[in-house]
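These numbers come from a predicted model, not from an experiment. Positions are given from 1, in the same order as the sequence printed here.
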Amino acid sequence: MSPKQPRGEETARRLLAAALEVHEHKGPEGFTVQAVTSTSGISLGSLYHHFGSFDGLAAALYARCMADLLDALIASLERTRTARTGVRAVVVAYLRFAEEQPAKARFIHASSYAGFLPAHTAAIAAAKAPRIERLQSWARPHAETGHIVDLPDPLTEMLLIGPVAETARRWLAGDPTIDLKQASRVLPERIWQSLRGPQE
């Protein structure tokens, strides 16, 4: 490894960390290239060298945050043995991620329909696809044996992730009616009931 490579990796890490910090403290309106370079102490030229553009930096941060979320879900899921405990583990892990890493969770939800995403679909998919496949690979055998309802993968994902993602999104937005501890007690069983198959 050349001496320049670790320095380059460290610069990229600093830019990603600064971008997340700026977004968390200044919100989407204050999430600008000027704010990120000022916070990181790294030049605009270096940012463009590593990420191509400010949108490229934002897309890389989105991919990194999404990968961290999916890794947390997978880690919890792969410690389980049954369909029911797996579903419950994913729901609880998602809510825990939102509570313990709110800056990353907030960036994910704020960026879901951001203008920078379409131009960087391939790079984002490269980070997400293998992780999504691990989640789907866990679900498919349970569907084939009747322990989880047999649906197309996107519909299974919507039933499993949709309710908990919306709960997390509203909590992150400051909705005072959302209690994550209550959600962690109530949602796992409710979501399981929507997914349980005929053999359960």
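Heavy atoms only, all atoms of each residue included: T37 and I42 are closest at CB-O, 3.3 Å. In this structure, T167 and A183 approach most closely via the heavy-atom pair CG2-CB, 3.9 Å. Across V92 and S184, no two heavy atoms sit closer than the pair CG2-O, 4.2 Å.
One distance of note links OG1 of T39 with NZ of K26; it measures 5.5 Å at 0.5 Å rounding. Within the model, atoms CG of L187 and CG of L95 stand 6.5 Å from one another, a figure rounded to the nearest 0.5 Å. If you take OG on S40 and CG on L57, they are separated by 9.0 Å, rounding to the nearest 0.5 Å. Interatomic distance, S53 OG to L47 CG, rounded to the nearest 0.5 Å: 8.0 Å. Atom-to-atom distance recorded for W138:CH2 and L77:CG is 5.5 Å, nearest 0.5 angstrom. Taking CZ of R140 as the start and CG of L135 as the end, the distance is 10.5 Å to the nearest 0.5 Å.
Side-chain contact between V36 and T32 is absent, with no heavy-atom pair separated by less than 4.5 Å. When side chains are defined from C-beta on, L20 counts as touching C65, because their heavy atoms get closer than 4.5 Å. Side-chain contact between I161 and L73 is present, with heavy atoms from C-beta onward closer than 4.5 Å. Counting heavy atoms from C-beta on, the side chains of L151 and L159 come closer than 4.5 Å. Using a 4.5 Å heavy-atom threshold, the side chains of P188 and V87 count as separate. A 4.5 Å side-chain heavy-atom check between D179 and W171 finds every atom pair outside the cut-off. Counting heavy atoms from C-beta on, the side chains of L172 and R169 never come closer than 4.5 Å. Counting heavy atoms from C-beta on, the side chains of D55 and H120 come closer than 4.5 Å.
By the 30° and 60° cut-offs, the orientation of the rings of F116 relative to F107 is parallel. Note: Y94 and H109 have perpendicular aromatic rings, judged against thresholds of 30 and 60 degrees for the angle between ring planes.
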**Request:** Verify side chain to side chain contact (heavy atoms under 4.5 Å, CB included) between E144 and D150, making sure each step is shown before the conclusion.
**Result:** CA-CA 7 Å; E144 290 166 1; D150 191 8; over 6 Å; no
**Message:** I'd like to know whether E99 forms a salt bridge (Lys or Arg N to Asp or Glu O under 4.0 Å) with R96, so could you lay out the CA-CA distance, the side-chain angles of the two residues, the decisive distance to 0.1 Å, and finally the verdict.
**Reply:** CA-CA 5 Å; E99 184 173 24; R96 184 185 305 119; over 6 Å; no
**Item:** Pair W192-V91, side chain to side chain contact (heavy atoms under 4.5 Å, CB included): steps then yes or no
**Value:** CA-CA 9 Å; W192 163 244; V91 173; over 6 Å; no
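Hydrophobic clustering (ILVMFWY, side-chain heavy atoms < 4.5 Å, transitive): I148 and M158 are in distinct clusters.
Remark: R13 engages E10 in a salt bridge, criterion side-chain N to carboxylate O under 4.0 Å. Ion pairing between a basic and an acidic side chain is recognised when a charged N comes within 4.0 Å of a carboxylate O; K128 and E133 show no such pairing. With respect to the salt-bridge test (charged N to carboxylate O, under 4.0 angstrom), the residues R84 and E200 do not qualify. Using a 4.0 Å cut-off between charged nitrogen and carboxylate oxygen, E24 and K104 do not count as a salt-bridge pair.
Counting non-hydrogen atoms of other residues, nucleotides and ligands closer than 6.0 Å to CZ of R190 gives a total of 12 or fewer. Atom CZ of R131 is surrounded by more than 12 heavy atoms from other residues, nucleotides or ligands within 6.0 Å. At most 12 non-hydrogen atoms from other residues, nucleotides or ligands lie less than 6.0 angstrom from CZ of R134.
Side-chain polar atoms of T177 and D175 form a donor-acceptor pair below 3.5 angstrom. For the 3.5 Å distance criterion, the side chains of T82 and T85 qualify, holding a donor opposite an acceptor.
For the side-chain contact (heavy atoms from CB on, under 4.5 Å) test with V149, the passing option among L195, L155, T156 is L195; the others fail.
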